[in-house]
Amino acid sequence: MTQGRVSFGGYSFFRVITGSMEPTLAVGELIMSETVEIDQVKVEDIVCFRSQSTATYGAIITHRVVEIDKDEAGD
């Protein structure tokens with residue numbers, strides 16, 4: 001286990017520690033994640049990412065994608 005996750009065979013495993021994703025993901029549930037290219041992420045996907053916010057910097061955050069914004073260049 002390193003930095004809050006367990007990785008095995010190209011997948012990372014996380015334990016849900018807050019109720020923010022209930023009822024979809026319950027506290028204590030184990031979730032599996034794989035790394036994908038950003039252009040593969042779609043609205044309604046559940047994603048895990050390392051926080052860049054000052055208050056939670058470095059923590060693994062799990063959220064559902066509700067909107068995807070692109071700039072004029074399509075980025």
Quick check for you: to the nearest 0.5 Å, what is the distance between Glu29 atom CD and Thr24 atom OG1? 9.5 Å
Locate the shortest heavy-atom distance separating Met21 from His63; write the atom from each residue and the value. SD-CA, 3.9 Å
Show me, pair by pair, the donor-acceptor contacts under 3.5 angstrom made by side chains of residues 37-49, not counting sequence neighbours?
| residue | atom | partner | partner atom | Å |
| --- | --- | --- | --- | --- |
| Gln40 | OE1 | Glu37 | N | 3.0 |
| Asp45 | OD2 | Lys42 | N | 2.8 |

Applying side-chain contact (heavy atoms from CB on, under 4.5 Å), run through Val16 and Ile31 and close with a yes or a no. CA-CA 7 Å; Val16 177; Ile31 58 176; 4.0 Å; yes
Tell me the closest heavy-atom pair linking Ile60 and Phe14, and the distance in Å. CG2-CE2, 3.5 Å
What residues, two or more places apart in sequence or in another chain, satisfy salt bridge (Lys or Arg N to Asp or Glu O under 4.0 Å) together with Lys70? none
Distance in Å, Asp75 CG paired with Asp69 CG, rounded so as to fall on 0.5 Å steps: 12.5 Å
If you draw a 6.0 Å radius around CD1 in Ile17, do more than 12 non-hydrogen atoms from other residues or ligands fall strictly inside? no
Determine, using the 4.5 Å side-chain heavy-atom cutoff (strictly less than), whether Val66 and Ile61 are members of one ILVMFWY cluster. no
Check: Arg50 side chain, Ala59 main-chain N or O, donor-acceptor pair, under 3.5 Å: no
